[in-house]
Amino acid sequence: MPTILVVEDQEDIQSLLKDVLGETYRIIQATTGAQALAHFQQEEPDLILLDLMLPVVTGDSVLKAIRHMSSVPVIILTAIQDKTRTVSLLEQGANDYVTKPFDIDELRARVQVQLRQSGALKADADAAGESDAKICFQGIELDRMEHTVSVDGHRVELARKEFAILELLMDHPHRVFEKEDLYRQVWNQPYINAENTLNVHLSTLRTSLNRYAGSQRYIVSVWGIGVRLV
């Protein structure tokens with residue numbers, strides 16, 4: 001079971017994160033930056049959820065100290081809406097950020113993405129068996145372990161990023177993803193001058209899926225918002 005260090009000084013948010021994430025992960029809690037660094041050195045967590053507004057030792061200082069010691073995934077919890085500020089945090093070593101108030105399903109997805117990319121979920125995936133490794137949606141079957149995709153039984157060859165986009169969409173089939181959010185979760189980078197890159201991958205993915213789908217369109221654009229599965 002992967003270990004998550006939750007660094008948050010608001011008791012209600014701490015309690016919420018423990019209740020929700022504690023069903024799947026081992027949770028360690030810290031309410032100050034000093035506690036966070038002590039727990040980090042003692043427990044060696046697989047991921048850190050880090051609030052910025054901490055007393056005495058700020059979240060920025062905690063992030064800087066951790067990056068001197070480790071490349072463990074760090075997701076920032078912030079009420080700051082300033083894009084320049086969040087981009088700066090990503091450049092300093094944060095892997096992702098979630099803006100408060102956050103959607104708990106979105107947070108779960110971001111945590112899972114970071115743990116999978118870091119390899120912390122590999123052992124769980126191996127133990128879970130073939131049924132948990134495969135996800136299906138309207139004739140599409142995606143196998144996480146074999147890294148394969150088929151449409152109505154026909155094998156579809158996808159590049160790594162196209163596979164990751166499809167996996168994320170299939171994990172949340174009823175959600176509309178903003179393009180900025182989709183890019184950050186798949187590429188693990190800030191969405192800066194990246195619209196063309198994402199559009200090319202989406203177009204290629206659509207073409208690959210639709211080759212065996214007849215009149216079915218799997219990925220559609222939601223005007224003014226982003227993309228979703230249908």
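The basis for the numbers below is simple: all heavy atoms, side chains too, and nothing from hydrogens, waters or symmetry mates. Since the model is a prediction, treat every value here as computed from it, not as a measurement.
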Q: Can you tell me how far the CG atom of L205 sits from the CG atom of L158, to the nearest 0.5 Å?
A: 6.0 Å
Q: Please check if the side chain of S118 supplies one atom and the backbone of L115 the other of a donor-acceptor pair under 3.5 Å.
A: yes
Q: Would you tell me whether Q92 and S88 have side-chain atoms, one donor and one acceptor, within less than 3.5 Å of each other?
A: yes
Q: Determine the minimum heavy-atom distance between R108 and D105, stating which atoms define it.
A: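 Here R108 and D105 meet closest at NH1-OD1, 2.7 Å.
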Q: Has the side chain of S221 got a donor or acceptor atom that lies under 3.5 Å from a matching backbone atom of W223?
A: no
Q: May I have the step-by-step check of side chain to side chain contact (heavy atoms under 4.5 Å, CB included) for V111 and I4, ending in yes or no?
A: CA-CA 9 Å; V111 166; I4 297 177; 3.7 Å; yes
Q: Cation-pi between R184 and Y97: NZ/CZ under 6.0 Å from ring centre and within 45° of the ring axis?
A: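 Ring-cation test returns yes.
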Q: Donor-acceptor pair, T204 side chain versus V200 backbone, under 3.5 Å?
A: yes
Q: Using only atom types and a distance under 3.5 Å, with no angle test, would you say the side chain of E8 pairs donor to acceptor with the backbone of A30?
A: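 Pair absent, no side-chain N/O of E8 close to backbone of A30.
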Q: Ignoring hydrogens, what is the shortest heavy-atom contact between V62 and A36? Give both atom names and the distance.
A: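 Of all heavy-atom pairs spanning V62 and A36, the closest is CG1-CB, 4.3 Å.
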Q: Test V176 against I225 for side chain to side chain contact (heavy atoms under 4.5 Å, CB included), laying out the working first.
A: CA-CA 7 Å; V176 178; I225 302 179; 3.4 Å; yes
Q: Can a salt bridge be assigned to the pair E157 and R211 using a cut-off of 4.0 Å between side-chain N and carboxylate O?
A: no
Q: Using the test side-chain hydrogen bond (donor to acceptor under 3.5 Å, both in side chains), find all partners of D19 that sit at least two apart in sequence or belong to another chain.
A: none
Q: Heavy-atom distance under 4.5 Å between the side chains of L166 and I140, does that happen here?
A: yes
Q: Side-chain contact, heavy-atom cut-off 4.5 Å: Q114 with D96?
A: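 Yes, at least one pair of side-chain atoms sits under 4.5 Å.
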Q: Hey, is the main chain of N199 close enough, under 3.5 Å, to the side chain of S203 for a donor-acceptor pair?
A: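 No, because the side chain of S203 does not come within donor-acceptor range (under 3.5 Å) of the backbone of N199.
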Q: Look only at the side chain of R206 and the backbone of I219, and say whether a donor-acceptor pair between them is shorter than 3.5 Å.
A: yes
Q: Quick check: does any side chain N or O of Y218 sit under 3.5 Å from a backbone N or O of Q138, one acting as donor and the other as acceptor?
A: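 Side chain of Y218 to backbone of Q138: a pair is present.
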Q: Residues two or more places apart in sequence or in another chain: which of them pass ring-ring contact (aromatic ring centres under 6.0 Å, His included) with H39?
A: none
Q: Does a side-chain heavy-atom distance below 4.5 Å link F102 with I13?
A: yes
Q: Using 4.0 Å as the upper bound for N to carboxylate O, is an ion pair formed by R110 and D181?
A: yes
Q: Taking the side chain as everything from C-beta on, heavy atoms only, tell me whether Q41 gets closer than 4.5 Å to M69.
A: yes
Q: Salt bridge check, E43 against R26: does any charged N sit closer than 4.0 Å to a carboxylate O?
A: yes
Q: Which pair of heavy atoms, one from G59 and one from L50, lies closest together, and at what distance?
A: O-CD2, 3.4 Å
Q: Who pairs with T148 by side-chain hydrogen bond (donor to acceptor under 3.5 Å, both in side chains), at least two apart in sequence or on another chain?
A: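 With sequence neighbours excluded, T148 shows a side-chain hydrogen bond (donor to acceptor under 3.5 Å, both in side chains) to no residue whatsoever.
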Q: In sequence, state the C-alpha distance, the side-chain angles, and the governing distance for R116 and E167, and then conclude on salt bridge (Lys or Arg N to Asp or Glu O under 4.0 Å).
A: CA-CA 12 Å; R116 188 180 300 130; E167 181 181 16; 3.5 Å; yes
Q: Nearest 0.5 Å, what's the OG1-CG distance between T32 and L54?
A: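 So the OG1 of T32 and the CG of L54 are separated by 7.5 Å.
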Q: So V98 and T78, do their side chains get closer than 4.5 Å, heavy atoms only?
A: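 The answer is no; the side chains never approach within 4.5 Å.
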Q: Treat each ILVMFWY residue as a node, draw an edge where side-chain heavy atoms are under 4.5 Å apart, and state whether V7 and M53 are in one component.
A: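 No, V7 and M53 fall in different hydrophobic clusters.
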Q: Would you compute the distance between atom CD1 of I28 and atom CG of L5 and round it to the nearest 0.5 angstrom?
A: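 Answer rounded to 0.5 Å: 6.0 Å.
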Q: Pairs in or reaching into residues 44-62: which pass side chain to side chain donor-acceptor pair (under 3.5 Å), with residues at least two apart or in two chains?
A: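 Qualifying pairs, neighbours excluded: D51-K100, T58-S61, D60-R85.
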Q: Would you check, one step at a time, whether the test side chain to side chain contact (heavy atoms under 4.5 Å, CB included) holds for L89 with L52?
A: CA-CA 10 Å; L89 288 166; L52 291 181; 3.6 Å; yes
Q: What's the verdict on side chain to side chain contact (heavy atoms under 4.5 Å, CB included) for F137 and L142, showing C-alpha distance, side-chain angles and the deciding distance?
A: CA-CA 9 Å; F137 178 83; L142 181 147; over 6 Å; no
Q: Can a donor-acceptor pair be found, under 3.5 Å and without considering hydrogens, that links the side chain of E162 to the backbone of A159?
A: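 Here the side-chain-to-backbone pair exists.
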Q: Indicate yes or no: at least one non-hydrogen side-chain atom of I66 is less than 4.5 angstrom from one of L37.
A: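 Side chain of I66 against side chain of L37, heavy atoms only: contact under 4.5 Å found.
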Q: Within the side chain of N95, is there an N or O that forms a donor-acceptor pair under 3.5 Å with the backbone of V74?
A: yes
Q: CG/L49 to CG/L17 distance, rounded to the nearest 0.5 angstrom?
A: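 Answer for the CG-CG pair, L49 versus L17, is 6.0 Å.
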Q: A164 and V186: which non-hydrogen atoms are nearest, and at how many Å?
A: CB-CG1, 3.8 Å
Q: Find the distance between CG (D143) and CD1 (I135) and round it off to the nearest 0.5 Å.
A: 9.5 Å
Q: If hydrophobic clusters are built by linking Ile, Leu, Val, Met, Phe, Trp and Tyr wherever their side-chain heavy atoms come under 4.5 Å apart, do I104 and I27 end up in the same one?
A: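 Yes: a chain of side-chain contacts under 4.5 Å links I104 to I27.
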Q: Counting C-beta onward and ignoring hydrogens, is there a side-chain heavy-atom pair between R144 and D171 closer than 4.5 Å?
A: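 A side-chain contact under 4.5 Å exists here.
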Q: Below 4.5 Å, heavy atoms only, C-beta onward: do T197 and W187 meet side chain to side chain?
A: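 In short, these two side chains touch, coming nearer than 4.5 Å.
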Q: Once rounded to the nearest 0.5 Å, what's the spacing between atom CG of L77 and atom CD1 of I48?
A: 11.5 Å
Q: Mind checking what makes side chain to side chain contact (heavy atoms under 4.5 Å, CB included) contact with H172, not counting sequence neighbours?
A: A109, L168, R175, F177
Q: Side chains of Q35 and T31: donor-acceptor distance under 3.5 Å anywhere?
A: yes
Q: Report the residues that fulfil side-chain hydrogen bond (donor to acceptor under 3.5 Å, both in side chains) with K18, sequence neighbours left out, ordered by chain and then residue number.
A: none
